[in-house]
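Step one of this worksheet: look at the structure below.
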Number of protein chains: 2
Amino acid sequence: MSRPRITSHDVARRAGVSRTTVSLVLSGSGRVALSPETRKRVMRAAEDLGYKPNSAARMLVSGNSETIGLVVSDPSILLVDAFIPQILYGIERANREMGFHVLVEGLGAEERPGAYDHLVESRRIDGLIVLNPRVGDEALVSLIEKGFPLVLVGSVRHKDEVSVTFTTRAAIGAAVEHVVALGHRRIGAVTFSPRGYTSRDARLAALGAAMVGHDLHLDEDAITDGNFSAESGHRAATTLLERRPDLTAVFAGNDTIAIGVLSAARALGRRVPEDLSVVGFDDLPFAPWLTPALTTIRTDGVRQGTIAAEMLFARLGHAALHPPRVRLEPELVLRRSTGPAPD
Amino acid sequence: MSRPRITSHDVARRAGVSRTTVSLVLSGSGRVALSPETRKRVMRAAEDLGYKPNSAARMLVSGNSETIGLVVSDPSILLVDAFIPQILYGIERANREMGFHVLVEGLGAEERPGAYDHLVESRRIDGLIVLNPRVGDEALVSLIEKGFPLVLVGSVRHKDEVSVTFTTRAAIGAAVEHVVALGHRRIGAVTFSPRGYTSRDARLAALGAAMVGHDLHLDEDAITDGNFSAESGHRAATTLLERRPDLTAVFAGNDTIAIGVLSAARALGRRVPEDLSVVGFDDLPFAPWLTPALTTIRTDGVRQGTIAAEMLFARLGHAALHPPRVRLEPELVLRRSTGPAPD
DNA sequence: GCTTTCTACTAACACGTGTTAGTAACACGC
DNA sequence: GCGTGTTACTAACACGTGTTAGTAGAAAGC
């Protein structure tokens, strides 16, 4: 271990040229003329010695780290919700293709003003992707206003933010249409999180709006909040179904919550879909294999992650420009957890 | 944006001392004497200016990046298996506590000899944690033999490896005991992956051994291989149950696979647990909320990740020494998916 | 009063790279 | 023969930090 590092100096000596030449060959912009023969010789020497440039030195002089930061607002969500890994995968793959690295950083519960400063100011990263941002995160807003290269997976409703989100109106509209067509009129919801997470609020608003379009109303007491986990979904659904036993359809905030809803329904002796229809959100890979197979709204987390990464590369000048806000369109997937309303 | 960076030079000027003094105050080993008053003044100046040391410069001179690499052997597993996020969470949290950063790197399908060299030789990371290593990964073995600080979450059965794994004998023994006590004698298995992943092989071997202890035999045709996803579990279980309709109990390679097994059983008209008992592995957060609630073997992924990180810190000299191989003991959790064997 | 020890600080180097300005050699045009 | 380019290369600086060797001044020892 700790055998002496090979530096560009060693390569230069072996190739019989100056260190400058080595640098120009291996990472020069081509603005300086070099004979093809010298080029070959240097590259050969580098290859022979197994030369890998020291990234710290490179960062120092260039100012770029070829690394992006990925901030997971509340990392404990990782434990229970399978959606984040999809996004992570998309981001990681896109970065790998660009030769970039991904630094994963969790934020604790504390959201003090300087939360991101350490990462940003230490120049460790060139840009940032923030997952599940919360409206009102001041540290985040200040970073946006400073103009730091930043992409949100989600939204904080800031005019200058760059973000990837999913529209909800059309798909939830279609889902409501589907459920209403099956005869349901008393519809409830179990969200995936407390208030403040924009996509929770957006999904709920879209549900309410779609119901109004059918002369229905989403009652306040027909909503209970989950907290990311299946267990929280089970508890919230139990509360909901005991308070409002007349409900015949429930929209779950996401598929993990839906697992809990299915479990709660079963525990209360309600058969799905005969007595109760359940609609999920996300279409995670396990959704078709639940009992019963879940009707849900498909969002493509991998794509969302990939696009977030591409938008960031664009801001860093490495890719074609994107519009500042990308909104993806999810899609209704019909399976077995929705059926005709009971009489 | 891009306002001039604040360097230690600026802090020095403001505090009226030399740059050296600033460096000594903020990160010196205390071997040089400094008056308390100067200390205060420097710290005050740094605070006022919001000084954050440039990490690249620091890395360059110190040789440490305070970053560990986390290699996910096959990142697409992220998409379908919820166990990896548990480990990731544990690692991330431990690193955050130590002030370390985590660089996540996926390996493509290609496993050429120099797979890890880029990360290691570029000095971007101080140490490495490898998830789901595969026996026979030469690049990995060569890294181990070079003595690079490396911790495996899993094993490649190398004599010098440092690894965290789960024992399987006792817990699987208990599970077999439980199932046999319920009257089952024809037992099958659906693995979570093809051959070559050590924990697949270990779980299968432990199952076979435990069965022998009860004068039973795990037939070759009572085993089918899944491939991480619930879908693959469904397919493999369907094949298995059609080939061996006499089986009354099935061990699933993990809980995600178990989702598929439950789904397949239902599709074939086999009730769980009345007609078929199912045992999972991992006790993921959703396991209690499946239909029926899953009997499974609890492994603590977060703890595994935390310990892996601590072992690495130990190797880097930042923490107390660990034994080179830690084996955690999982625990049988009884729920509703196992019941008396049908007559 | 002279040397010695101690305190508080700093000058100067090192880390390994990218890049700009500059040079030496040579060809070319007139 | 002299300026003008062109080609192929290199010396020297910059990036921002950690650390060692060294210095000036004061205190202490005798």
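Per chain, numbering begins at 1; letters A, B, ... match sequence-line order.
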Quiz question: by atom type and distance under 3.5 Å, do the side chains of [X] and [Y] form a donor-acceptor pair?
X	Y	result
B:S35	B:E37	no
B:T20	B:S23	no
A:H118	A:E105	no
B:T67	A:R124	yes
B:N64	B:S62	no

Given atom [atom1] of [X] and atom [atom2] of [N], what is their separation to the nearest angstrom?
X	N	atom1	atom2	answer
B:R123	D:dT17	CZ	P	21 Å
B:R58	C:dT17	CZ	C1'	20 Å
A:L24	C:dG22	CG	P	17 Å
A:N54	D:dT17	CG	C1'	14 Å
B:L34	C:dT10	CG	C1'	11 Å
A:Y51	C:dG16	OH	C1'	7 Å
B:R39	C:dT7	CZ	P	14 Å
A:R13	C:dG16	CZ	P	12 Å

Does [X] make a side-chain N or O approach to OP1 or OP2 of [N] shorter than 4.0 Å?
X	N	value
A:T38	D:dC9	yes
B:S8	D:dG16	no
B:S62	D:dG18	no
A:S23	C:dG18	yes

**Asked** When all nucleic acid strands are considered with a 4.0 Å heavy-atom cut-off, which category describes A:V32: base, sugar-phosphate, or nothing?
**Response**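 Counting heavy atoms under 4.0 Å across all strands, the contact made by A:V32 includes a base.
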**Message:** Does B:T7 reach a base, just sugar-phosphate, or nothing at all? Heavy atoms under 4.0 Å.
**Reply:**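 Since only primed, P, OP1 and OP2 atoms lie under 4.0 Å of B:T7, the category is sugar-phosphate.
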**Prompt:** Which of the following nucleotides, D:dA11, D:dA8, D:dG16, is nearest to the side chain of A:S35?
**Reply:**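 Ranking D:dA11, D:dA8, D:dG16 by closest atom to the A:S35 side chain puts D:dA8 first.
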Check if the side chain of [X] and the base of [N] share a donor-acceptor pair of N or O atoms closer than 3.5 Å.
X	N	answer
A:R19	C:dG18	yes
A:T21	D:dA8	no
B:T20	C:dA12	yes

**Message:** Nearest heavy atom decides the nucleotide; on that basis, is B:V61 or B:V17 closer to the 5' end of DNA chain C?
**Reply:**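 By nearest-heavy-atom nucleotide position, the 5'-most residue is B:V17.
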